Number of protein chains: 2
Amino acid sequence: MTIREVAKIAGVSTATVSRAVNRSGPVSPEAREAIDRAIQQCGFRPNIIGRQLKTARTRTLGVLVPSLKNPIFADAVAGLEEAAGREGYNVLLAASGYRAEKELSVVEAFLGSRVEGLVLTVADDDRSRALHALDSARVPYVLMFNPADREDVSTVSIDNRRAAYDLVCSLVRDGHRRIAMIAGSLSESDRSAQRYAGYRQAIVDHGLPLEDIVEVKFENPNLSACLAGLVHRRDAPTAYFCSTDMLAIAVIRALAVLGARVPDMVSVAGFDGIAIGEHLSPSLSTVVQPAEAMGDWAAHHLLARLSGEASITRKIFPYRIRPGESVGPASGHRA
Amino acid sequence: MTIREVAKIAGVSTATVSRAVNRSGPVSPEAREAIDRAIQQCGFRPNIIGRQLKTARTRTLGVLVPSLKNPIFADAVAGLEEAAGREGYNVLLAASGYRAEKELSVVEAFLGSRVEGLVLTVADDDRSRALHALDSARVPYVLMFNPADREDVSTVSIDNRRAAYDLVCSLVRDGHRRIAMIAGSLSESDRSAQRYAGYRQAIVDHGLPLEDIVEVKFENPNLSACLAGLVHRRDAPTAYFCSTDMLAIAVIRALAVLGARVPDMVSVAGFDGIAIGEHLSPSLSTVVQPAEAMGDWAAHHLLARLSGEASITRKIFPYRIRPGESVGPASGHRA
DNA sequence: TTGAAAGCGCTAACAA
DNA sequence: TTGTTAGCGCTTTCAA
């Protein structure tokens, strides 16, 4: 069922069919009707591939996130997809599983598919080979959630450093003086690094002891073992600042295994502000990132850049500290 | 940067370049080296669109779910994307927002893009115009989560009816005799309908009074108002069976607004088994669907069908009743 | 082992 | 208002 068949049946040329289908030029009422009938008759559906090849436009965006299983990314993709769809763009989606080589292979595939632009969250924007590939291919992209370090790339994020700083300060205000940070592979995530910087500054500013950061691999969720040494120390931390909400949830569970109840014995704070965190037991103290709005902004901005209506922008969304039951006063601690 | 440029630089024909790039035919070592050098030199990246047009294969799957903001779908898509990616397939993703007309327009767009197959969750498979479009286009698809009614289409789901039956029976075992069901637009979702059938049968089998089902629109999250009449009745239900976990979460919150504490005063059960439900306060009593595994199965099965290695299959995954704190004994009820 | 050539389905000058 | 025509970038006979 090609445009040629339709043209033959309708007794016109392919050019006229194309004009009729795309409303891209004058078509007489008679021709239009004949064409409509022919299309009904043979169930013609334009092959987008042919159009894409001819016009060198795909109306497709590539979206790459670490994982859909973390609601922060799922929500962002939801906002993105909605906005892109509204503008008639397709979304090619992939997850990297936090693996740099997968980031690269996905980006290569997206480039091969001639996506017009990309929205991505990478592990570390400085060292990302995926980003280098994009730069040399000169395909526009928007970094989402990654901190806005570089001047030459559009980003949408919050001020991770300051947000972490504020959150840790709130822990101090609750009386906590020994506060540890737990991060998922700090060395591999620029977000964790920023959040660590904020944590560190808050600790230093208050003259508190700087705890060693606890790095946990994403693949190894045997948290209890990692935390055992820390928790059973004589001067164990009274509060744990986790680099993400999902990690905080795992930490709370791991602490329970070790006999440390939250928030009675220790406090735990997260970061991301996933919606469901409010309904957790205990509800999560965290920093809220407006994920869906950020995804929406990313899509709109990328499309605006594609049409030349916008230039590189580093958008910082406001964040919000959301207090929750997972943080209590430090008085009840064990040491 | 086309294959022609590369051919010219390497001093060979485009056919040889194509063979070299795709390893699809004999290429002498000398030619191969010249081609490799040429590709490096001009940064050539094969245009997939050209290949797709020529070969009439896109290696792309379309995925349509109601919403990514519900973890049950996000998890399923995660499993799907992972499996598809492993087999070298791209995933085109869209969300319908539970709207039938959006389902249709997305499917039309996917067909235009010549996806080789689709995985979708539709509101109601019987009445879905989207499915009719797929049937007449003769593009293979897998229904995910939708109950397996029809014989002529691959589906992956659990036994919704029996799962709901089991769950409601467990409520009865806890002493509940007035059990209401709350569903999101029953008339628009075949899953809700199945779950209602299971609920109804459990009620009837135990000789209990059949309560009117409460239907709430997805768009109208003003649940408290909807529930007020029911909750304040003299013989108010002591337990609410919600058609999804997300709805259960909203219901628990709405009940709190009305002064009905869960599970002290009323019990609430959900359906879906989103992972985070275990960590809610109270933790959710629910039916667990193995969403990620179902997505994985859907992708593998669809690809197997594309390669002729599988035929239409109706896969029923096992479910699991996961007890939680949201359901308590009926003794504490108000009426 | 290689290259010439045809053509996938479509759009867009351009001429009529 | 319409049709002819020339490709878009690629793969793939087929003959050499």
Side-chain angles (χ1 to χ4, degrees), chain A residues 1-36 38-39 42-60 88 90 108-116 137 139, chain B residues 1-36 38-39 42-60 88 90 108-116 137 139:
Chain A
M1 301 307 126
T2 78
I3 207 173
R4 252 225 273 303
E5 315 266 352
V6 176
K8 191 178 303 176
I9 297 174
V12 297
S13 72
T14 62
T16 303
V17 176
S18 176
R19 280 189 291 260
V21 168
N22 300 308
R23 288 147 175 67
S24 58
V27 176
S28 67
E30 306 81 54
R32 170 150 283 141
E33 190 177 336
I35 291 168
D36 285 347
I39 289 178
C42 68
F44 168 73
R45 195 187 318 270
N47 185 333
I48 299 298
I49 311 288
R51 186 194 337 239
Q52 288 178 341
L53 184 57
K54 173 65 188 180
T55 61
R57 295 207 50 197
T58 56
R59 295 189 80 80
T60 299
N90 291 323
E108 296 279 5
F110 282 174
L111 288 174
S113 295
R114 297 300 189 263
V115 297
E116 296 185 16
V139 171
Chain B
M1 299 308 126
T2 77
I3 208 173
R4 259 230 264 307
E5 316 265 353
V6 176
K8 192 178 303 179
I9 298 176
V12 296
S13 73
T14 60
T16 304
V17 176
S18 175
R19 280 189 290 259
V21 168
N22 300 308
R23 288 149 176 66
S24 58
V27 177
S28 68
E30 306 81 56
R32 171 150 281 143
E33 190 178 336
I35 290 168
D36 285 348
I39 289 177
C42 67
F44 168 73
R45 195 186 319 268
N47 185 334
I48 298 299
I49 311 289
R51 177 184 318 184
Q52 289 178 341
L53 184 57
K54 175 64 191 180
T55 62
R57 295 207 47 195
T58 56
R59 295 189 79 81
T60 299
N90 291 323
E108 296 280 5
F110 282 173
L111 288 175
S113 295
R114 297 300 189 262
V115 298
E116 296 185 15
V139 171

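A quick note: this is a predicted structure, and the numbers were derived from the prediction, not measured.
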Problem - Atom-pair distance (CZ on B/Arg57; P on D/dT12), nearest Å - result: 11 Å

What N/O pairs connect the protein and nucleotides 3-6 of chain D at under 3.5 Å? Give each pair on its own line.
residue, atom, partner, partner atom, Å
D/dG3, OP2, A/Ser13, N, 2.9
D/dG3, OP2, A/Ser13, OG, 3.2
D/dG3, OP2, A/Thr16, OG1, 2.8
D/dG3, N7, A/Arg19, NH2, 3.1
D/dG3, O6, A/Arg19, NH1, 3.1

Problem - Separation of D/dG9 C1' from B/Met1 CE (nearest whole Å) - result: 13 Å

Fill in the blank from the handout: When the rotation axes relating C1' atoms of four end pairs to the next four are compared across the helix from C/dT1-D/dA16 to C/dA16-D/dT1, five pairs an end, they differ to 10° by 30°

Practice task
Any chance you could lay out the side chain to side chain contact (heavy atoms under 4.5 Å, CB included) test for A/Val6 and A/Val12, step after step, and finish with the verdict?
Solution key: CA-CA 8 Å; A/Val6 176; A/Val12 297; over 6 Å; no

Exercise for the section: Look at the side-chain N and O atoms of A/Ser28 and state whether any lies under 4.0 Å from the OP1 or OP2 oxygen of D/dT2. Expected result: yes

Completion exercise
Minimal heavy-atom distance between B/Thr14 and B/Ile3, with the atoms involved, is O-CD1, 3.8 Å

Problem - Span of DNA chain C, from the first to the last nucleotide whose atoms fall under 4.0 Å of chain A heavy atoms - result: C/dC8 to C/dA12

Handout entry: A/Glu116 and A/Arg57 ion-paired at < 4.0 Å
Key = yes

Handout entry: Main-chain N/O of A/Gln52 paired with A/Thr58 side-chain donor or acceptor, under 3.5 Å
Key = no

Practice task
Calculate the interatomic distance between B/Ile35 atom CD1 and D/dT11 atom P; express it in whole Å.
Solution key: 12 Å

Practice task
Determine whether B/Glu5 and B/Thr2 make a side-chain contact, defined as any pair of heavy atoms from C-beta on separated by less than 4.5 Å.
Solution key: yes

Exercise for the section: Using only side-chain N and O atoms of A/Arg32, determine if any of them is under 4.0 Å from OP1 or OP2 of D/dT1. Expected result: no

Practice task
Compare side-chain N and O positions of B/Asn22 against OP1 and OP2 of D/dT11 and report whether any pair is under 4.0 Å apart.
Solution key: yes

Fill in the blank from the handout: B/Arg4 atom CZ is separated from D/dC8 atom C1', nearest whole Å, by 10 Å

Practice task
Pick base, sugar-phosphate or nothing for B/Ser18, based on heavy-atom distances below 4.0 Å to the nucleic acid.
Solution key: base

Problem - Between P of D/dC10 and CD1 of B/Ile48, the distance in whole Å - result: 9 Å

Practice task
Nearest-nucleotide wise, let me know which of B/Leu53 and B/Pro26 is further upstream toward the 5' end of DNA chain C.
Solution key: B/Pro26

Completion exercise
note: B/Ile3, atom CD1; D/dG7, atom C1'; distance rounded to Å ~ 16 Å

Handout entry: Whole-Å gap separating P (D/dT11) and CZ (B/Arg23)
Key = 13 Å

Exercise for the section: Just jot down the side chain to side chain contact (heavy atoms under 4.5 Å, CB included) partners of A/Asn22, sequence neighbours excluded, or say none. Expected result: A/Ser18, A/Ser24, A/Arg51

Completion exercise
Heavy-atom closest pair (B/Ser113 atom, A/Asn90 atom, distance to 0.1 Å) is OG-ND2, 3.5 Å

Exercise for the section: Write down the atom of B/Ala31, the atom of B/Thr16, and the distance for their closest heavy-atom approach. Expected result: CB-CG2, 4.3 Å

Practice task
Work out which heavy atom in A/Leu111 is nearest to a heavy atom in A/Val139; give both atom names and the distance.
Solution key: CD2-CG2, 3.5 Å

Problem - side chain to side chain donor-acceptor pair (under 3.5 Å) against A/Glu108, all qualifying residues, sequence neighbours excluded - result: B/Arg45

Fill in the blank from the handout: By nearest-nucleotide position on DNA chain C, the 5'-leaning member of B/Gly50 and B/Ala31 is B/Ala31

Handout entry: Any side-chain heavy-atom pair of A/Asn47 and B/Arg114 under 4.5 Å
Key = yes

Practice task
Could you list the residues that satisfy side chain to side chain contact (heavy atoms under 4.5 Å, CB included) with A/Ala56, not counting sequence neighbours?
Solution key: none

